[in-house]
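Have a look at the structure below, then the notes.
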Amino acid sequence: MSGRNSLPPAGLFTRNGVRFAVACGVFAMVLLYLPILGLVLLSFSAQPLTGIPWPLTIEWYASLFEGENSRWTRPLATSVGIGLLVSFNATAAALLIGRAVPLAHRRGGLLATYLSVIVMPGILVGIAILIFYRGLIGIRTGFWSVFLAHFIWALPFALLCILIVVVRFDHRLLDAARDLGAPRWRRFLDIELPLLMPGISASLFFSFLLSFNELPRTLYARGGIMTLPYYLWTASASHSTQVSLIYALSAVITVASFLLTLAAMRLLSRD
């Protein structure tokens with residue numbers, strides 16, 4: 001009885017745990033979003049390099065599409081194009097692998113092989129691709145080497161999205177459809193594909209974002225092309241008139257990414 005009475009009340013412990021978790025979450029959100037909000041605020045400053053958001057102006061947004069200031073549109077198109085290719089190819093590969101992994105005898109080692117790319121340093125992967133293309137094969141790096149680097153980075157995450165729904169898939173549904181005479185392609189389209197669609201949608205979305213925002217692997221594999229993250233990185237590191245415009249461009253990309261993520265989350269959480 002004495003040992004039982006010495007335990008803290010379950011209700012009090014639960015409330016304290018919830019409060020502590022909420023406090024940690026709020027602290028993490030402040031650390032995450034405060035610099036972003038500061039960047040957005042500075043994008044409206046007439047002199048953003050001073051760090052003081054006053055006086056306010058929208059001239060930097062108006063200048064984004066004027067003359068040489070619009071040079072960011074080509075890197076944007078390049079990043080979107082590579083992101084779409086990576087998204088569809090990584091999802092297709094993850095779908096094939098994810099459907100086969102649960103049927104493999106030694107799937108632990110197979111999964112470790114695919115997922116180990118996550119812990120590899122991005123610069124190391126970029127250097128390896130650079131050496132492979134230019135040093136060993138003699139091919140100039142460029143669009144397809146960047147695509148390969150981004151594909152390697154996005155595939156493990158796409159595979160995780162697919163495996164989440166694959167492991168819960170009831171194969172008895174396919175057996176029942178086969179007993180009723182449905183061919184293989186009908187079983188895939190009518191039964192398997194709709195059940196796997198949440199994982200496929202998540203894989204498409206996250207693979208695109210991983211590619212669109214990728215910089216370390218792009219540094220050594222890019223060759224002569226310029227992606228949007230690389231453009232923002234070089235422009236923000238230089239001391240030129242483009243630096244002030246980077247604040248406005250970064251704010252636009254941040255808001256667009258947030259809205260896209262919000263729309264995707266609502267789509268994926270829909271019943």
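For clarity, every value in this text was computed on a predicted model and none was experimentally measured.
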Sequence neighbours excluded, the answer for side-chain contact (heavy atoms from CB on, under 4.5 Å) partners of Val22 is Val18, Val26
Of all residues at least two apart in sequence or in a different chain, which pass the side-chain contact (heavy atoms from CB on, under 4.5 Å) check with Leu76?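 Per chain and number, Leu76 pairs via side-chain contact (heavy atoms from CB on, under 4.5 Å) with Trp72, Val80, Phe212, Leu228.
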Given a cutoff of under 4.5 Å between side-chain heavy atoms of I, L, V, M, F, W and Y, with clusters grown through shared members, what are the other residues clustered with Leu31? Phe27
Over all atoms of both residues, closest heavy-atom pair of [X] and [Y]:
X      : Y      : answer
Pro198 : Val165 : CB-CG1, 4.4 Å
Thr78  : Met226 : CB-O, 3.8 Å
Ile162 : Gly98  : CG2-CA, 4.2 Å

If you measure from [atom1] on [X] to [atom2] on [Y], what distance do you get to the nearest 0.5 Å?
X      : Y      : atom1 : atom2 : answer
Leu210 : Leu155 : CG    : CG    : 11.0 Å
Asn213 : Leu232 : CG    : CG    : 10.0 Å
Arg222 : Ile225 : CZ    : CD1   : 8.0 Å
Leu41  : Ile36  : CG    : CD1   : 14.0 Å
Arg217 : Ile127 : CZ    : CD1   : 12.0 Å
Ser79  : Tyr231 : OG    : OH    : 12.0 Å

State, yes or no, whether a side-chain contact exists between [X] and [Y] at a heavy-atom distance under 4.5 Å.
X      : Y      : result
Val86  : Phe208 : no
Leu196 : Val166 : yes
Phe143 : Ile82  : yes

Just wondering, more than 12 heavy atoms not from Tyr220 lying within 6.0 Å of its OH?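 Result for OH/Tyr220: open.
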Going by the rule ring-ring contact (aromatic ring centres under 6.0 Å, His included), which residues pair with Phe88 if we only count those two or more places apart in sequence or in a different chain?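 Expected list: none.
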Mind checking what makes ring-ring contact (aromatic ring centres under 6.0 Å, His included) contact with Tyr230, not counting sequence neighbours?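 Result, ring-ring contact (aromatic ring centres under 6.0 Å, His included) vs Tyr230: Trp233.
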Find out if a path of hydrophobic residues (ILVMFWY) with successive side-chain heavy-atom gaps under 4.5 Å connects Ile123 to Leu130. yes
In the single-linkage hydrophobic clustering (I, L, V, M, F, W, Y; side-chain heavy atoms under 4.5 Å), do Val255 and Phe258 co-cluster? yes
Run through Leu96, Leu95, Ile97, Thr91 and flag the one making a side chain to side chain contact (heavy atoms under 4.5 Å, CB included) with Leu159.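 With Leu159 as partner, side chain to side chain contact (heavy atoms under 4.5 Å, CB included) holds for just one option, Ile97.
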Could you tabulate the donor-acceptor pairs under 3.5 Å formed by side-chain atoms of residues 144-152, not counting sequence neighbours?
from	atom 1	to	atom 2	distance (Å)
Ser145	OG	Gly142	N	2.8
Ser145	OG	Gly142	O	2.8
Ser145	OG	Ala221	O	2.4
His150	ND1	Ser211	O	3.4
His150	ND1	Ser211	OG	2.8
His150	NE2	Thr218	OG1	2.8

Worked check of side chain to side chain donor-acceptor pair (under 3.5 Å) between Ser87 and Ser207: CA-CA 5 Å; Ser87 178; Ser207 297; 5.2 Å; no
